[in-house]
Amino acid sequence: MKLVLLAAVAFAAGTAAGQPVNKKTGLPDPPKPDLPYIIHASSLVATERNEAKEETRKDETIYAVGGASSGARTPLASPEFLLQTESVPPDRLQLFKLEVRGGRREVVVTRKKKPVAKPLRVSVFQVDQKLKLFRIRVDESLTAGEYCLSPEGSNTIFGFTIE
């Protein structure tokens, strides 16, 4: 009985906001494909899509994106994301912590030709095969700061801030 009542409340909340609720997720479907959304209770917060620029200085390879902070914010230390995919391969998404230097966010990928950046662990689950809808779960507790999801082998990043 409680489950039916919770489902009815979630459906009413979603339809009241003008967004139909997906029966499989209990959440509204993402408004745009290929953009991860942070799950906040019964709503979705779009991550910040950007292209990181590759730079080489001294013996380091760095990927950087402008701005000291992302507009996509969450208080959750282990956020979850919802992604409807068309071209972004969800199983190739990697999570990185970004350092803020000189008014921008960056990650050092290699130093002296050796890998430095290590992706943080995430789990990916398909929740709706028809819609190509995936849930991405961070497998560890993150500290406050700047982070990004990025498809392996791509300069595209999906930035967010943990407050």
Side-chain angles (χ1 to χ4, degrees), residues 19 22 25-129 131-163:
Q19 298 176 323
N22 183 306
T25 64
L27 297 164
D29 288 333
K32 295 180 185 176
D34 294 328
L35 181 66
Y37 288 81
I38 303 167
I39 299 170
H40 276 186
S42 63
S43 65
L44 302 175
V45 176
T47 56
E48 169 195 23
R49 184 186 186 116
N50 249 316
E51 291 296 315
K53 293 186 173 93
E54 181 179 345
E55 298 176 7
T56 305
R57 58 178 165 182
K58 295 186 183 180
D59 292 334
E60 295 180 330
T61 302
I62 297 166
Y63 284 88
V65 63
S69 183
S70 173
R73 307 179 94 63
T74 183
L76 304 172
S78 296
E80 292 188 23
F81 302 86
L82 196 61
L83 170 68
Q84 183 177 8
T85 185
E86 287 181 357
S87 62
V88 172
D91 58 335
R92 307 280 310 229
L93 284 174
Q94 296 180 314
L95 175 64
F96 293 98
K97 181 159 177 59
L98 303 173
E99 298 298 323
V100 178
R101 292 188 187 118
R104 66 185 194 161
R105 294 161 282 164
E106 60 184 42
V107 61
V108 177
V109 180
T110 60
R111 185 174 289 130
K112 295 184 182 180
K113 298 187 181 189
K114 294 182 182 176
V116 176
K118 292 186 172 99
L120 302 164
R121 290 188 340 228
V122 296
S123 298
V124 177
F125 306 94
Q126 187 166 19
V127 293
D128 191 324
Q129 189 172 6
L131 294 176
K132 297 182 184 173
L133 200 57
F134 292 84
R135 197 170 188 137
I136 301 149
R137 185 173 297 149
V138 176
D139 290 340
E140 52 197 273
S141 185
L142 306 177
T143 59
E146 300 298 318
Y147 293 86
C148 74
L149 288 166
S150 180
E152 186 178 353
S154 170
N155 287 10
T156 300
I157 65 130
F158 305 102
F160 62 98
T161 302
I162 295 189
E163 300 177 306

**Student:** Begin with the C-alpha distance, continue with both residues' side-chain angles, and end with the deciding distance and a verdict on side chain to side chain contact (heavy atoms under 4.5 Å, CB included) for Gln84 and Tyr37.
**Tutor:** CA-CA 9 Å; Gln84 183 177 8; Tyr37 288 81; over 6 Å; no

**Student:** Verify, without hydrogens or angle tests, whether Arg57 (side chain) and Ile62 (backbone) share a donor-acceptor contact under 3.5 angstrom.
**Tutor:**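 No, Arg57 side chain to Ile62 backbone: no donor-acceptor pair under 3.5 Å.
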
**Student:** Determine whether a donor-acceptor pair (N or O, by modelled atom type, separation under 3.5 Å) exists between the side chain of Ser70 and the backbone of Gly159.
**Tutor:**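 Side chain of Ser70 to backbone of Gly159: a pair is present.
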
**Student:** Quick one: does any side-chain atom of Asn50 pair with a main-chain N or O of Ile157 as donor and acceptor, under 3.5 Å?
**Tutor:**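 Side chain of Asn50 to backbone of Ile157, a donor-acceptor pair under 3.5 Å: no, none is there.
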
**Student:** Taking all heavy atoms of Ile162 and all of Ala77, pick out the closest pair and write down the distance.
**Tutor:**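 Looking at all heavy atoms of both residues, the closest pair is CD1-O, 4.2 Å.
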
**Student:** In Å, rounded to the nearest 0.5 Å, how long is the span from CZ of Arg135 to CD of Gln126?
**Tutor:**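 Taking CZ in Arg135 and CD in Gln126, the distance rounds to 14.0 Å.
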
**Student:** Taking the side chain as everything from C-beta on, heavy atoms only, tell me whether Leu93 gets closer than 4.5 Å to Ile136.
**Tutor:**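 Contact flag for Leu93/Ile136 side chains = yes.
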
**Student:** Work out which heavy atom in Ser42 is nearest to a heavy atom in Leu27; give both atom names and the distance.
**Tutor:**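 Shortest heavy-atom separation between Ser42 and Leu27 comes out as CA-CD2, 3.9 Å.
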
**Student:** Tyr147 vs Val138, test: side chain to side chain contact (heavy atoms under 4.5 Å, CB included). Steps then yes/no.
**Tutor:** CA-CA 11 Å; Tyr147 293 86; Val138 176; over 6 Å; no

**Student:** Please report the interatomic distance CZ(Phe158) to SG(Cys148), rounded to the nearest 0.5 Å.
**Tutor:**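 Reported value, rounded in 0.5 Å steps: 10.0 Å.
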
**Student:** Check whether the side chains of Glu51 and Thr156 place a donor and an acceptor atom closer than 3.5 Å, and report yes or no.
**Tutor:**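 Judged by distance alone, the side chains do pair up.
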
**Student:** For residues Thr47 and Pro36, report the shortest heavy-atom separation together with the two atoms involved.
**Tutor:**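 Looking at all heavy atoms of both residues, the closest pair is OG1-O, 2.8 Å.
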
**Student:** Within the supplied structure, the quantity of interest is the number of heavy atoms (other residues, nucleotides, ligands) at a distance under 6.0 Å from Lys132 NZ; does it exceed 12?
**Tutor:**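 Not buried by this count: 12 neighbours or fewer within 6.0 Å.
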
**Student:** Start with the C-alpha gap between Arg104 and Glu106, add the side-chain angles, then the distance that decides, and say whether salt bridge (charged side-chain N to carboxylate O under 4.0 Å, His left out) holds.
**Tutor:** CA-CA 7 Å; Arg104 66 185 194 161; Glu106 60 184 42; 3.0 Å; yes

**Student:** Which heavy atom in Ala117 sits nearest to a heavy atom in Val107, and how many Å separate them?
**Tutor:**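 So the two residues come closest at CB-CG2, 3.7 Å.
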
**Student:** Please report the shortest heavy-atom distance between Thr61 and Glu54, naming the atom on each side.
**Tutor:**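 Here Thr61 and Glu54 meet closest at CG2-OE2, 3.6 Å.
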
**Student:** Quick one, Leu83 and Leu149 - any side-chain contact, counting heavy atoms below 4.5 Å?
**Tutor:**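 No, every pair of side-chain atoms sits at 4.5 Å or beyond.
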
**Student:** Can you measure from CG (Leu35) to CG (Leu82) and round to the nearest 0.5 angstrom?
**Tutor:**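 Between Leu35 CG and Leu82 CG, I get 11.0 Å after rounding to 0.5 Å.
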
**Student:** Ser69 and side chain to side chain donor-acceptor pair (under 3.5 Å): which single residue from Glu48, Glu163, Arg105, Glu146 fits?
**Tutor:**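 Single pass found, and it is Glu146.
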
**Student:** Is there a donor-acceptor pair closer than 3.5 Å between any side-chain N or O of Asn22 and the backbone N or O of Asp29?
**Tutor:**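 Side chain of Asn22 to backbone of Asp29, a donor-acceptor pair under 3.5 Å: no, none is there.
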
**Student:** Mark yes or no for whether Asp128, through its side chain, and Leu133, through its backbone, hold a donor-acceptor pair below 3.5 Å.
**Tutor:**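 Here the side-chain-to-backbone pair does not exist.
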
**Student:** Once rounded to the nearest 0.5 Å, what's the spacing between atom OG1 of Thr56 and atom CD of Glu60?
**Tutor:**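 Interatomic distance, Thr56 OG1 to Glu60 CD, rounded to 0.5 Å: 10.0 Å.
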
**Student:** Could you list all the ring pair (Phe, Tyr, Trp, His ring centres under 6.0 Å) pairs where at least one residue sits in residues 76-99, not counting sequence neighbours?
**Tutor:**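 Non-adjacent pairs meeting ring pair (Phe, Tyr, Trp, His ring centres under 6.0 Å): Phe81-Phe160.
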
**Student:** With side chain to side chain contact (heavy atoms under 4.5 Å, CB included) as the criterion, how do Arg73 and Ile38 come out once you've worked through the C-alpha distance, each side chain's angles and the decisive distance to 0.1 Å?
**Tutor:** CA-CA 9 Å; Arg73 307 179 94 63; Ile38 303 167; over 6 Å; no

**Student:** First locate atom OG of Ser141, then atom CG of Leu76, and finally report the distance between them rounded to the nearest 0.5 Å.
**Tutor:**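 The OG atom of Ser141 sits 10.5 Å away from the CG atom of Leu76.
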
**Student:** Nearest 0.5 Å, what's the CG-NZ distance between Asp59 and Lys114?
**Tutor:**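 The distance works out to 11.5 Å.
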
**Student:** Would you call Ser78 and Arg137 a side-chain contact if the rule is heavy atoms closer than 4.5 Å?
**Tutor:**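 The answer is no, as the side chains (C-beta and beyond) never meet within the 4.5 Å cut-off.
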
**Student:** Per the ring pair (Phe, Tyr, Trp, His ring centres under 6.0 Å) rule, what does the pair list look like for residues 43-63, sequence neighbours excluded?
**Tutor:**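 Sorted pair list comes back empty.
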
**Student:** Evaluate Thr143 against Lys97 for side chain to side chain contact (heavy atoms under 4.5 Å, CB included), listing each step before the verdict.
**Tutor:** CA-CA 9 Å; Thr143 59; Lys97 181 159 177 59; 4.0 Å; yes

